[in-house]
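As structure tokens, the structure follows; a few thoughts come after it.
As the structure is a prediction and not an experimental result, all values here were calculated from the model. Within every chain, numbering begins at 1; the chains are lettered A, B, ... in the order of the sequence lines, protein sequences first and strands thereafter.
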Number of protein chains: 2
Amino acid sequence: MKRRNTQSKEAVLSALANSSKAMSQDAIEKKMTVNVDRATIYRILNRFCDDGVIHKIIADDGKQYFALCVKCDDSEKMPDNHFHFRCINCQTIECLPSIVNFSLPAGYQVDRLNCVLVGTCKDCA
Amino acid sequence: MKRRNTQSKEAVLSALANSSKAMSQDAIEKKMTVNVDRATIYRILNRFCDDGVIHKIIADDGKQYFALCVKCDDSEKMPDNHFHFRCINCQTIECLPSIVNFSLPAGYQVDRLNCVLVGTCKDCA
DNA sequence: TCACTATCGCAACAAAGTCGCATTAGTAAG
DNA sequence: CTTACTAATGCGACTTTGTTGCGATAGTGA
């Protein structure tokens, strides 16, 4: 099925594009000027994820955050293989430049990873 | 306030102690022989976390998992600073021996971390 | 302009956790 | 062994986050 260009889709995309950080659905909704239904935003975000436009991070608060990460394009084997940082103060998540390195016991196979560091970011220090 | 030794508390603890892996609330409830209310189990688990008996991991499914980790005692500066592995197949999470190493841009301060690798564990390979 | 169907809005639902409150039951003192 | 104190429990209600069904709306290409 072909994707269509809708106003809602563009609004979500520009909300993400104008932020250097990952945002949750409600943060995106707050930032958007047009009014779009909650379910629709989730559908748009999930579609973007499927298409590889954005990626999803599950933070330690259990919520989903979405980011338009520049690192997504040059995904060699593991997409989204960098650390994320969640600031307790400003409630945002950002992609860190540092790649996750790990050693694995024999027999394990990693498909994806979800690594979040939690603390205070440079803007909130 | 002083902690009391209750049957429920012991039941939760032994469920965790008999498992080498981290478990979610519902997994713990299923494993217990005595019948304990959902809310109570959560309260017991949160109490254990406060007391440093167990630690909590948020997996990439957004759920909380709890583990009685041996690494918890020798926590120098950062408690729970190791990787976790979530097996897609057996739906369990285990603590990996590998410590999380990361480099941080200036100005950031990390309080805790939540790193989960997702894939297939050695038992399910 | 028209037909096709992706997308949307709304409402209902589900799962995971939390909280208030009355009741129950450890614990320690008498 | 009683008794009093209060931590802990069970129940129910509630919140939050996310998903899904369905009829209505609106891109898109012919």
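- To the nearest angstrom, P of dC8(C) lies 10 Å from CZ of Arg3(A).
- Taking 4.0 Å as the cut-off between side-chain N and carboxylate O, Lys21(B) and Asp123(B) count as a salt-bridged pair.
- dT17(D) atom P lies 14 Å from atom CD1 of Ile58(B), rounded to whole Å.
- Between the CE atom of Met32(B) and the C1' atom of dT9(D) there is a distance of 12 Å, given to the nearest Å.
- As rounded to whole Å, 11 Å separates atom P of dT18(C) from atom CG of Asp50(B).
- Listed candidates were dA11(C), dC8(C), dT9(D). Nearest to the side chain of Arg43(B) is dT9(D).
- For dG9(C), neither phosphate oxygen OP1 nor OP2 lies less than 4.0 angstrom from any side-chain nitrogen or oxygen of Arg38(A).
- Between the CG atom of Asn46(B) and the P atom of dA7(D) there is a distance of 17 Å, given to the nearest Å.
- Per the geometry, NZ belonging to Lys63(B) stands 15 Å off C1' belonging to dT17(D), to the nearest Å.
- Put simply, the side chain of Leu68(B) reaches to within 4.5 Å of the side chain of Leu13(B), judged on heavy atoms.
- The distance between atom CG of Asp26(A) and atom P of dT19(D), rounded to the nearest whole Å, is 14 Å.
- Ring geometry, His84(A) versus His55(A): the interplanar angle falls from 30° to 60°, so the pair is classed tilted.
- Under 4.0 angstrom from either OP1 or OP2 of dG17(C) there lies at least one side-chain N or O belonging to Tyr42(B).
- Hydrophobic clustering of Ile, Leu, Val, Met, Phe, Trp and Tyr side chains at less than 4.5 Å, counting indirect connections, unites Met23(B) with Phe66(B).
- Between the CZ atom in Phe102(A) and the CG atom in Asn81(A) there is a gap of 8.5 Å [rounded to 0.5 Å].
- Comparing Asp37(B) and Ala39(A), the nucleotide of DNA chain D nearest to each residue sits closer to the 5' end for Asp37(B).
- Comparing Asn5(B) and Gly62(B) against DNA chain C, the residue whose closest nucleotide sits nearer the 5' end is Gly62(B).
- Within the structure, a side-chain polar atom (N or O) of Thr40(A) is placed less than 4.0 Å from OP1 or OP2 of dG9(C).
- Which of dA8(D), dT5(C), dC11(D) sits closest to the side chain of Arg4(A) comes down to dT5(C).
- Sequence order on DNA chain C of the closest nucleotides to Arg47(A) and Gln25(B) puts Arg47(A) first from the 5' end.
- Using a 4.0 Å heavy-atom criterion, one finds that Asn35(A) contacts the sugar-phosphate atoms exclusively.
- Look at CD on Glu10(A): it is 14 Å from C1' on dT7(C), rounded to the nearest Å.
- Within 4.0 Å of Ser8(A), counting heavy atoms only, lie sugar-phosphate atoms of the nucleic acid but no base atom.
- In the set dA8(D), dT17(D), dG9(C), dA8(D) carries the atom at the smallest distance from any side-chain atom of Thr6(B).
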